[in-house]
Amino acid sequence: KEDYVPNGQILCYPVINLTGKQGDVHFGSGVNLLGERYAQLSYALTPANIVSSKTPPAFIWHTFEDAAVNVIPVPAFCHVPIQILFSSLL
């Protein structure tokens, strides 16, 4: 059996949360991707909920100015406290 896990990933303005508290979640993307199955699948398919030690390294590119996709959920994907990741900006 072959392993098809990529060696790395590049995420530009990633939607990290499909569920969560207002402001951190990108509800529109979840509904667009999952349609009527949003309520059933959104938690299980939220990247921040499924990242693990087996997740390939990621280069994440994002800006604070993006009004469409919030940058605040990114640390959850990285398993890094937001205070450390954004310490120079907070």
Side-chain angles (χ1 to χ4, degrees):
K1 180 178 178 183
E2 292 189 47
D3 189 2
Y4 293 102
V5 176
N7 292 326
Q9 53 187 321
I10 298 173
L11 307 174
C12 300
Y13 293 87
V15 173
I16 299 296
N17 273 348
L18 298 176
T19 63
K21 65 181 184 174
Q22 189 67 23
D24 289 349
V25 64
H26 201 268
F27 181 75
S29 289
V31 170
N32 286 335
L33 292 168
L34 303 174
E36 294 177 4
R37 300 183 324 167
Y38 175 80
Q40 176 188 6
L41 298 174
S42 59
Y43 184 84
L45 296 178
T46 291
N49 296 336
I50 57 176
V51 68
S52 73
S53 61
K54 295 181 180 181
T55 302
F59 174 84
I60 301 174
W61 178 61
H62 211 304
T63 64
F64 275 103
E65 290 80 20
D66 184 353
V69 179
N70 194 340
V71 70
I72 299 302
V74 171
F77 183 80
C78 302
H79 287 273
V80 176
I82 192 168
Q83 294 81 4
I84 293 173
L85 195 62
F86 299 128
S87 63
S88 64
L89 301 172
L90 296 176

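Only heavy atoms go into these numbers, but all of them, side chains included; no hydrogens, no water, no symmetry mates. No experiment lies behind these values; they were computed from the predicted model shown.
When the side chains of ILVMFWY residues are joined at heavy-atom separations under 4.5 Å, either directly or via intervening members, Leu41 and Ile50 end up in two distinct hydrophobic clusters. Two different hydrophobic clusters hold Trp61 and Leu11 under the rule that ILVMFWY side chains link at heavy-atom gaps under 4.5 Å. A single hydrophobic cluster is seen to contain both Tyr13 and Phe59, as judged by linkage of ILVMFWY side chains at heavy-atom distances under 4.5 Å, directly or through other members.
Of the possible donor and acceptor atoms, one in the side chain of Asn49 sits under 3.5 Å from a partner among the backbone N and O of Tyr43. The main-chain N or O of Asn32 is never found under 3.5 Å from a side-chain atom of Tyr38 such that the two would form a donor-acceptor pair. Remark: the backbone N or O of Val69 is paired with a side-chain donor or acceptor of His62 at under 3.5 angstrom.
The shortest side-chain heavy-atom distance between Asn7 and Pro56 does not fall under the 4.5 Å cut-off. Residues Leu45 and Leu34 form a side-chain contact, since some pair of their non-hydrogen atoms from C-beta on lies under 4.5 Å apart.
Among residues two or more places apart in sequence or in another chain, the side chain to side chain contact (heavy atoms under 4.5 Å, CB included) test is passed with Thr55 by Gln9, Val51, Ser52, Phe77.
Across all non-hydrogen atoms, the minimal contact from Leu18 to Ser29 is CD2-C, 4.4 Å.
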